[in-house]
Every structure is written in structure tokens, then in C-alpha cells.
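Worksheet: the structure to be examined is printed underneath.
Computed from a predicted model, the values in this text were never measured in an experiment. Positions are given from 1, in the same order as the sequence printed here.
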Amino acid sequence: MSENRPAAIIILAAGEGTRMKSKTPKVLHPIGGRTLLGHAMYAARGTRPGHLAVVVRHERERVAAHVAELDVEAIVADQDEVKGTGRACECGLDVLPADLTGTVLVTMGDVPLLTQQTLADLTARHESSGAAVTVITAELPDAKAYGRVVRDEAGDVVEIMEFKDALAHREAGDEFAHVVDIREINSGIYAFDAEVLRSALAEVGTDNAQGEKYLTDVIGIARRDGRRVTAHLIEDLWQTEGVNDRVQLADLGRELNRRTVEHWMREGVTVVDPATTWIDADTTIGQDTVIRPNTQLLGATTIGAGAVVGPDTTLTGVEVGDGASVVRTQGELAIIGPEATVGPFSYLRPGTELGARGKIGGFVETKNAVIGEGAKVPHLTYAGDATIGEGANIGAGTIFANYDGVDKHHTTIGAHSFVGSDTVLIAPVTVADGAYVGAGSALTSDVEAGQIAVSRARQRNIDGWVARKRAGTKTAAAAEAAAASATGDQTATTGDQTTATGTTEPDARHTHSQSEGDPA
Ligand code: UD1
Ligand code: CA
């Protein structure tokens, strides 16, 4: 279909959308991670039109800024105080070349499920039929307030009558009284011959029930001039459905999501529970990845192949590598390397980069933290403004104290270094490659390669304290009983006691996870 490129597309987005009851203009409300207008512009741009114009008026600055952000080549057209879709379209034409010929598509900023394929089909159909106007129509069980499509015996379109005008004819009981019962409706999406559209709009007036300049009046004028108007009836009713209020916003949002989830399942992604899985339009997922229930993949998130994501995970703009596992996690603007593991209960804030096979474990928060290949931050840690070298291990409860109340500072942990549990790394501080930090340290100065740093008060044991200060308590009784049984067992345990007291290195009992040391 791509040979049928429209000369221009005009998107009407000047209306107020009062039924949204919102400070935000209707077309800027999002579903599936894009605004309603964003969906319309994305579908339009996909047909590679010669020009793309968006007509704005209500909240002009906000809508125009959004248009510019999405598509620098799109032209913003301002509608004046004359109301109606016809006037909006005329204002759109005004920003296009005056000698424009060929097919002009007109669509709307609040019809988010309309696809690029449907616009391409409309263009092809219009250009092959030789009609001056082709309108996308749909047959609804209840035609509601849509414009009614009136056809002749040949099946061509004679006119589109607005609901309010059709109602007036019903009340008058005239020859058009039956029109209100027609179930074929005008979607408001059309292909026009550019010259017919331009000259007909110049003739359209405002003599109707709403006192507006109706785009639909172009049809009657084209017919009067002996031109053909055809209908392109589509089966997929969701594609013509507009958003007027927040109930429709949710309905269309759910349907869009259903379509997106189905798309990824057909691409080879396992979605355990489609009903509780939300995938934005700009997210991509690799083959054989499993998405578990209650997972939201938002924005420009990219998930690799063979990964597992969820349950209960929300990722926004996160890159997940092949074979990674991300469980019960909240992440934003982060990168998770291939075969890395994250979660449960992890919070990855912007600037987190976890290397291949690295680990961010339970109750860990990271921000602006680059964590090397195979490095582990397994338990109960805050790592902010950090560089952690490959293969390093950060003990449970470590805090990267990055903020002095005024400025943020950086902490660097070298490759294969080992930070003991419950350490506070008071930034700025650097631990070189291959160094240790004893558990419970509060580190304020750098540690060189091969060193162990210990920074905490030496332990002091005071004999008989419980008997003196807590006499009569269960604790005192337990101490007394323990002392009595130790005396009684003395013969049997002498050998062990000798070994323990004979040891001069206080850290002999610590061999792995609770690293610490006493340089004395
Ligand atoms: C219009 C059609 C109707 C069709 C319906 C489909 C006309 C006269 N009627 O109805 O046959 O069934 O769409 O939804 O065209 N807009 C502007 N400027 C305006 C008025 C509207 O830009 O002055 C934009 C709106 O932002 C919206 C679109 O045009 O995106 C449709 O406007 P809306 O008022 O919802 O359509 P109707 O006039 O009710
Ligand atoms: Ca209207």
C-alpha cells in the first residue's frame, strides 16, 4: 500500500473536550504511553504523507508544544473563532501549499485506535475509485450522536446528516424523518481530492442546528458538482471510536492494551495473565520472555529475549537484557544487563546500570549507580551516586551516604572488592580494586588496593554487669544458670576452651560473608 502516499494529512485537534472535565486538553490525555494526539500523529506519519498539519485552538500553546515535541516536521495550524470541523479543516489547508493537489486525509486527534494500515487502505481505495471524497464509515448497533450516512441506490454517499439535524427532521416529520434511524455512521475520517476540498469549503456556511461550519457539507457540494462520494465501511468499530470522557478513555485504553498484549504474544512472548499486564505502545519484548501477572511495561522499555519479568513489576523506560530476571521491582530509566537478577522488592531509579550477571536483591534502592559485571548488591542497601566494579560484593545493609545536606557526592568501589555488612560509605570516598571494608564501618577516607579498612569502636566486655545492674531479672537468672553449668561442664570442655583462648586472631571465626578485621 505504500505507493499510495497521501499528499497531506490534516489532524483536527482544536476542540475543547469539555466532557473530560480536565485542566489538561483532551488530546493530551494518554493511553498506552502516548497521548491521544500522539496516537493520531503516529498513525498519520506512518503513511508518509507529503505534509502533516495539526489544527489547534483550545490550550493552543500546550498542544502546539506537544506537536513540536513529537514531530518537528508537523505544521501547527491555528483555528480562528469560526467554529466547526469544516472551519478547522480550512485552517489546516491554509498552512499547506496553495497549489496542493492529490489526496488529503482528514482525521481527528481523539481517535487513538485508528491504525496506519486503515489510513493506507483508505488512501488506496480513494485513489483507485476515482471518487472526490471517500469517508470511513461503520455500522453501529446504536448510532448515538454520530452523523448519519445517507446513501443512494448505487451505494454512493449522498450526504452526511448531523444527529441534531436528523432529529429536527424527525420532529418535523418531513421526507428526511427516517435518517435518524440509519445505523451507518460517519467516523469523521476522510480522503478528499485537495482541489474539491478547497473549493467546497469556501462555499460551506453555518446554517445548521449548531451554527457551525460543517466539514460534512463538503459532500453535498461535491455531489451537486457531479463528483462521486464513496464510503469505506470498516468492521473494526474500535478504530472509529473517539474519546469524549474518562469512561471512554479507560475503555479505549483497555482495548489498546488488549491489542498490544496480543501482538507480543503472537511475536513469541508468554504473557501469563493478559488481564493484569499493561504494555505501552513504545515498549518492545524479545522472544521467549515470560511476563508474569500484575506487570506494567511502560514508555520506551525494551525487554530482551528469554527474560522473566514480574510478578508485580513496573518498568518505565528500562532496558532489560537477554535472560535477565526482574521480580517485584519498580524501575525507571535503568539498564539491567543480560542474565542479571533484580528483586524481589527492588527500586531502580534513573541512572542505574546493572552489568551482565550482576545482582540487585531484596529491599535495595539504587540511583545513578553503575554496577559492574557479576557485581552483587544483594540485601537491604541504598546505592546512590555509585560506581561498583565488576565482581564486587556489597554486604547487607550497606548505605552509600551520598548527600551531605547540600551536595551529592560519588562513591567508587573497585573490582572484586568486598564491603562488609552494615557499612556506611560516606561520599566522596573510593575503595580501590581488591580491597576489603570491615562490617559495621563508617568509611570516610579512601582504601587502597589490598587493604582492609575497619572504622568502628573496639568491642568492650564488662564482667558481672548483668548481676550488678539487672539483679532479679530473668536475664540475670539465665546468666547465673549459664555460669553454673559452665563450671559443671569444665572437665568435658577444657580442650575446646583452650583452643579458643589460645587463638590470637580475633577474626578466625569469620571466614566469608561477615568480613571484618582488626589490623592490630
Ligand atoms: C463530527 C462529524 C460527525 C461524525 C463525528 C465523528 C461534523 C460536522 N460532524 O461530529 O458527522 O459522526 O465527528 O466523531 O464534522 N474540531 C476542531 N475544531 C472545531 C470542531 C471540532 O478541530 O471547531 C475537532 C475536534 O477537536 C475533534 C474533531 O474535530 O477532534 C471532531 O469534533 P467533534 O465536535 O467531536 O465532532 P462532531 O462535530 O460532534
Ligand atoms: Ca461538535
Side-chain angles (χ1 to χ4, degrees), residues 6-10 12 55 79-80 82-94 96 98-108 122-123 125-138 143 145-233:
I9 301 186
I10 299 172
L12 309 186
V55 184
Q79 187 173 354
D80 56 18
V82 181
K83 284 193 166 143
T85 50
R87 183 60 184 170
C89 192
E90 218 174 2
C91 295
L93 274 181
D94 280 349
L96 300 178
D99 57 354
L100 188 80
T101 57
T103 301
V104 174
L105 301 188
V106 175
T107 164
M108 301 190 293
L122 170 67
T123 310
R125 166 91 177 242
H126 176 75
E127 293 182 354
S128 65
S129 73
V133 184
T134 306
V135 50
I136 293 184
T137 67
Y146 286 105
R148 273 40 173 183
V149 176
V150 184
R151 296 199 192 218
D152 63 17
E153 292 87 52
D156 282 358
V157 176
V158 181
E159 74 169 314
I160 288 169
M161 192 181 289
E162 289 310 291
F163 171 66
K164 284 181 182 167
D165 299 293
L167 260 191
H169 284 291
R170 152 68 53 81
E171 276 155 27
D174 62 19
E175 57 181 314
F176 300 110
H178 70 283
V179 171
V180 76
D181 299 322
I182 293 173
R183 293 189 302 114
E184 185 179 9
I185 61 95
N186 171 24
S187 68
I189 299 147
Y190 320 79
F192 292 100
D193 175 85
E195 287 152 310
V196 171
L197 179 63
R198 194 180 301 111
S199 67
L201 277 173
E203 282 189 49
V204 172
T206 58
D207 179 20
N208 51 54
Q210 301 185 93
E212 292 182 1
K213 197 160 177 171
Y214 286 171
L215 179 56
T216 44
D217 285 355
V218 167
I219 289 166
I221 294 166
R223 289 277 300 199
R224 182 204 66 199
D225 293 345
R227 307 299 301 263
R228 257 190 92 194
V229 178
T230 57
H232 181 52
L233 179 69

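- Taking both residues in full, the closest heavy atoms of A88 and V55 are given as O-CG2, 3.4 Å, listed atom of the first, atom of the second, then distance.
- Taking the side chain as every heavy atom from C-beta outward, R198 and V104 never approach each other to under 4.5 Å.
- Judged by distance alone, with hydrogens and angles left aside, the side-chain atoms of D152 form no donor-acceptor pair with the main-chain N or O of V158 at under 3.5 Å.
- At distances below 3.5 Å, at least one donor-acceptor pair connects side-chain atoms of K213 with backbone N or O atoms of L201.
- Judged by distance alone, the side chain of R148 and the main-chain N or O of H178 form no donor-acceptor pair under 3.5 Å.
- The shortest distance between side-chain heavy atoms of I189 and L122 falls below 4.5 Å.
- With a 4.5 Å cut-off on side-chain heavy atoms, I160 and Y146 do not count as touching.
- Counting only distance, with no hydrogens or angles, the side chain of R170 and the backbone of D181 share no donor-acceptor pair below 3.5 Å.
- Proximity of V157 to V133: side-chain heavy atoms (C-beta onward) are nowhere separated by under 4.5 Å.
- Interatomic distance, CG of D165 versus CD of E159, reported as 9.5 Å (0.5 Å rounding).
- At a threshold of 4.5 Å between non-hydrogen side-chain atoms, the residues N208 and E162 do not count as touching.
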Residues V180, H169; criterion side chain to side chain contact (heavy atoms under 4.5 Å, CB included); working and verdict: CA-CA 8 Å; V180 76; H169 284 291; over 6 Å; no

Intermediate values then yes/no, salt bridge (charged side-chain N to carboxylate O under 4.0 Å, His left out), R87 and E90: CA-CA 5 Å; R87 183 60 184 170; E90 218 174 2; 2.9 Å; yes

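- Side-chain contact between L215 and F192: present, with at least one pair of heavy atoms (C-beta onward) separated by less than 4.5 Å.
- Residues I182 and V150 have side chains in contact (heavy-atom distance under 4.5 Å, counting atoms from C-beta outward).
- Using modelled atom types, one side-chain atom of R125 and one backbone atom of A231 make a donor-acceptor pair closer than 3.5 Å.
- Of the charged side-chain nitrogens involved, none lies within less than 4.0 Å of a carboxylate oxygen, so that E212 and K164 do not count as a salt-bridged pair.
- Within the 3.5 Å criterion, the main-chain N or O of I221 finds no donor-acceptor partner in the side chain of R227.
- The number of heavy-atom neighbours closer than 6.0 Å to CG of D207, taken from other residues, nucleotides and ligands shown, is 12 or below.
- The only option from T123, I10, T134 that meets the side-chain contact (heavy atoms from CB on, under 4.5 Å) definition with L105 turns out to be T123.
- With hydrogens and angles ignored, the 3.5 Å screen pairs no side-chain donor or acceptor of T137 with any backbone N or O of E184.
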Candidate pair F163 and N186, rule side chain to side chain contact (heavy atoms under 4.5 Å, CB included), full reasoning: CA-CA 10 Å; F163 171 66; N186 171 24; over 6 Å; no

